[in-house]
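Reviewing the structure listed below.
Residue numbering restarts at 1 for every chain, and letters A, B, ... go by the order of the sequence lines.
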Amino acid sequence: MIKIEDYRDVAPQGTVDLLLKLAEKVRGRRFLHVSMTRYGGGVAEILQRLVPIMVDLGIEAGWEIIGGDAEFFSVTKAIHAALEGEDQIITDEMLQHYLEMNRLTALKLNLDADLVLVHDSPPASLVEHRPPEGTWVWRCHVDLSSPHRRIWNFFRRYVTRYDAAVFSLPKFSQKLGIPKFIIHPSIDPLSDKNRDLSRREVQTLLASLGVPQDKPLLLQVGPFDRYRDPIGIINAYRMVKKHHDVRLVLVGGGSAAGSENTDVHEVVRDTATHDPDIVLLDLPPDAHLQINALQRAATVVLQKSARDGFAIGIAEAMWKGKPVIGWASGGIPAQIIYDVTGYTVTSVEGAAFRLRHLLNNPELVARIGGAGREHVRRNFLITRHLSDYLALLVHLTGRST
Amino acid sequence: MKKAGAPFVFIGCIELLEDVGLRAQSERELIERLEEVPAGSIFYHTYGYFLRHRYFVGPYANDFATWAVVHLRDQMLGERLAVVDPFEFDTLEQLREELISVIDDHLSHLSAVPRADYGEPFYFVQSHVVEVPTGHEAWGLEEFRGCLADVDASAIYYHLVEARARLGRRSGDFAAWLRESLSRPDLAEHVERIDLYLSSLERVRARVLNLLVEAIEQAEEAYQEPT
C-alpha cells in the first residue's frame, strides 16, 4: 500500500505537510478518475500510484475503467491518433459504435462524484450521460494542437459539455468555451522506474541486458520510429565517436507500426550490426527496472521526439541526475532549462556539439545533473501532480471545510 | 521573550494554472495581448516566477523577458523587460502599463517587428492561488523563526508576494505582524526592505531567518545585562 508519508524524504521540504493540510480541506469529497485501462501506458502508470495516495490522504478517490469490444478499442486507437494529427480512416459507423459503447458503459458505472476526471478520448463521450450533480473535467494527455479536423469537430461537441478541461501545456490545447487548466505530468520517484538503485543492482541489471560499463554510455529510450529518429541519434553519436570512446544504447519499446517505421528499424538494426558500440535493446513495456538502471548508468541521455506529447522521459532521466539533450519540441522545452538542467537542440549537429561539450567537461555533467534532479524534485514529482489535482478539486467544487 | 497580541498564522499555497487562451507571435501582438489579458495573467508571468523557481532562476526573472530573448532573439527587449521590477508597482495595472510602454518604446526604434518565426509563441496563463493553512503559528520571535525555517516555501511566497501584489497588503505579512502584533517596527522595516527581485524564495527565507536570529540574540543579551 502506497502512503503519502513514504514521500517525505524525496519530495521538497514541507510538501507532504502541505498535502496533508490541503487534503483536510477536501476530506470526504469524492474524486473519480475514469480511463481506458488499468495497465499499460503513462496514464494508467501514474493513476496506479496517485489513486492510493489520494485514499491515504482521506479523499474518497475512485478509478473506473471503461469497457468495450474489440471494435471499440480499435476505433478509440484510431481516434487517439487522429486527435494527435495523424490521417486515419474513421467512418460515421465507427464513431456511432464508439458512442454506443460508452452509452452502455455509462449504465454500468457509478459516475457520482464531486469531481469526475475523464482521461483522454476513449471515455470522453461519457459526459453525455453525466449525472445532474458533480463537476466534470476532461483531462487531455495528448498534444491536441493540430488534430485531424473532422474528428476534432466530432469530438469538440462532447468536450464542450464538460465544466473544464486540463491540458499538459497551453500549446497542446484547442480553443474551447470552457476553462482550460494546465497540469504537467509527473514521475513517481518510488516506482520501479525511478526508485534509487544500488550500484550492484545497476551492474546486475546491465549485465543481464548485455550492456558493458567500460565506457561512457549515451542513451535514448523510445520506439524505433521516425519521430524518435534513432538514425539521427546514431549520426550524432558518430560525430562524437571520432573524439570520445563512447557507447550508444538505443532502447526501443516494441515495434512501431507502419512501413516507414519498419524501414527505420531495419536501418538501425543494420547499422548496429556493423558497430559493436551501438547496442539496440527491444524491451517490453514493463521493463521499468531495466530502464531505470540504464538511465542511472548513462553519462548523457538524449531524447529526440518530433511528436511525443510531454515526453516525461526527460524528467525521468533528470531525476537520475543526468544531463539531458532534448529536441526543442513538444513538452521538452518545458522540462529542460537551457544550460541549467540540460540543452535543447534543433539538429543532429547541435546534439553532437552538446555531447562533446559535456563529455569534455565532466564537472558540467555533475552540475547539470544535480540541477536537473532538483528541478524535477520541485516540478515533476507525483507530489506536485497530487497537489495540482487537489487544488483543482478545491477550486472547482467550491466549498472548503 | 515578548509575546505577540495575535499569532502569526502561516499559510502555504498551491498555484493552479489556467490557460487564458491568448497567444502572441510577435512583439506587436505581445502589446495587444498585454492590453487585454486579465490582471491575473500579468501577475503570473512576473511575480509568479518566484513560486516556480524557488531555488535557481533562469536568465531573466519574468516570462516576457525570457520569451523576448529565447524565442524572438531580441536581447535588447529582453534586457529592458528584465529590469522591470514588479515590486516597485503599487498595482498590477501600473505594472501592465509599464510593460506595454517598454515594448512600445522599443518597437518605435525598430524598422521591422520581431516575430517568433523560429521560436514558440508566448502563451498567456493566469493562476488561481489555493490557500492552505500549514498548521504553523507563532506567538513570539523564537517560535516565528522555528516555523519559518520549517514551512513549505509556498508560505514565503504567499506572505511576501501574493499578499503584496494581489491582496493589497503592501508591507507583506511578515513585516505587518512584526510591526503591529509584536511592536517591533525596527525589525519590520528590515524585513520590508529585503529586495525580493532577482532573488529566490529560499534566499529570502535565509535572509529573514538571519534577521530573526540577530534580533533574538540581541533580545537575549539585553535580557541578561541587568544581572
Side-chain angles (χ1 to χ4, degrees), chain A residues 11-26 145 164-184 328-330 333-334 337-341 344 346 370-371 374-375 377-379 384 386-396 400, chain B residues 9-24 41 44-45 51-59 63 66-67 69-71 116 118-136 147-158 200-202 205:
Chain A
Q13 176 197 345
T15 299
V16 167
D17 290 327
L18 201 71
L19 278 168
L20 289 166
K21 292 291 177 187
L22 183 58
E24 278 176 20
K25 289 181 85 147
V26 289
S145 57
V166 174
F167 292 90
S168 296
L169 286 173
K171 69 178 175 184
F172 289 176
S173 75
Q174 280 286 326
K175 281 196 184 303
L176 296 166
I178 54 175
K180 296 180 291 183
F181 296 97
I182 305 300
I183 296 179
H184 301 323
S329 66
I337 303 176
Y338 191 87
D339 202 28
V340 176
T341 68
T344 45
T346 55
E374 282 314 302
H375 182 49
R377 192 193 305 281
R378 309 282 147 196
N379 299 291
R384 192 275 308 146
L386 189 59
S387 68
D388 281 350
Y389 277 162
L390 295 188
L392 192 71
L393 182 60
V394 172
H395 184 71
L396 291 178
S400 71
Chain B
V9 179
F10 285 85
I11 309 280
C13 65
I14 307 281
E15 197 178 36
L16 183 64
L17 307 187
E18 184 179 353
D19 178 7
V20 172
L22 293 171
R23 61 186 65 176
S41 184
Y44 173 76
H45 292 295
L51 189 57
R52 277 174 285 150
H53 300 277
R54 297 173 188 197
Y55 281 82
F56 47 76
V57 291
D63 294 339
T66 302
W67 182 67
V69 173
V70 175
H71 295 283
Y118 299 102
E120 293 193 349
F122 188 92
Y123 296 92
F124 285 88
V125 167
Q126 66 177 332
S127 63
H128 303 275
V129 163
V130 174
E131 296 175 13
V132 187
T134 63
H136 288 79
C147 292
L148 183 62
D150 277 352
V151 288
D152 182 73
S154 70
I156 297 160
Y157 176 83
Y158 179 82
S200 69
L201 295 178
E202 291 303 333
R205 187 203 305 257

Measure the shortest side-chain to side-chain distance between [X] and [Y] over non-hydrogen atoms and say whether it is less than 4.5 angstrom.
| X | Y | value |
| --- | --- | --- |
| B/T134 | A/K21 | no |
| B/I14 | B/S154 | no |
| B/V151 | B/Y158 | no |
| B/D152 | A/T15 | yes |
| B/L148 | B/F10 | yes |

Contacting region of A/K180 [heavy-atom separation from chain B under 4.5 Å] =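 For A/K180, heavy atoms of backbone and side chain both lie under 4.5 Å from chain B.
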key: Interface moiety of A/D388 toward chain B, non-hydrogen atoms closer than 4.5 Å   = both
query = Side chain of A/K25, backbone of A/L390: donor and acceptor closer than 3.5 Å?
reply =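 The answer is no, because no donor-acceptor pair under 3.5 Å joins these two groups.
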ask   = Counting N and O atoms only, with roles assigned by atom type, does the side chain of B/E15 sit under 3.5 Å from a partner on the main chain of B/H128, one being a donor and the other an acceptor?
value = no
ask   = Looking at B/V130, B/V132, B/D19, which makes the most heavy-atom pairs under 4.5 Å with chain A?
value = B/D19
message = Report, in residue-number order, which members of residues 118-126 of chain B are under 4.5 Å from chain A by heavy-atom distance.
response =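 Within residues 118-126 of chain B, near chain A: B/E120, B/Y123, B/V125.
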inquiry  = Below 4.5 Å, heavy-atom pairs only: which of A/K171, A/K175, A/R384 has the largest tally toward chain B?
reply    =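 Looking at each of A/K171, A/K175, A/R384 in turn, A/K171 comes out on top.
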message = Which label fits A/F181 and A/H395: parallel for a plane angle under 30°, tilted from 30 to 60°, or perpendicular past 60°?
response =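 Correct class here is perpendicular.
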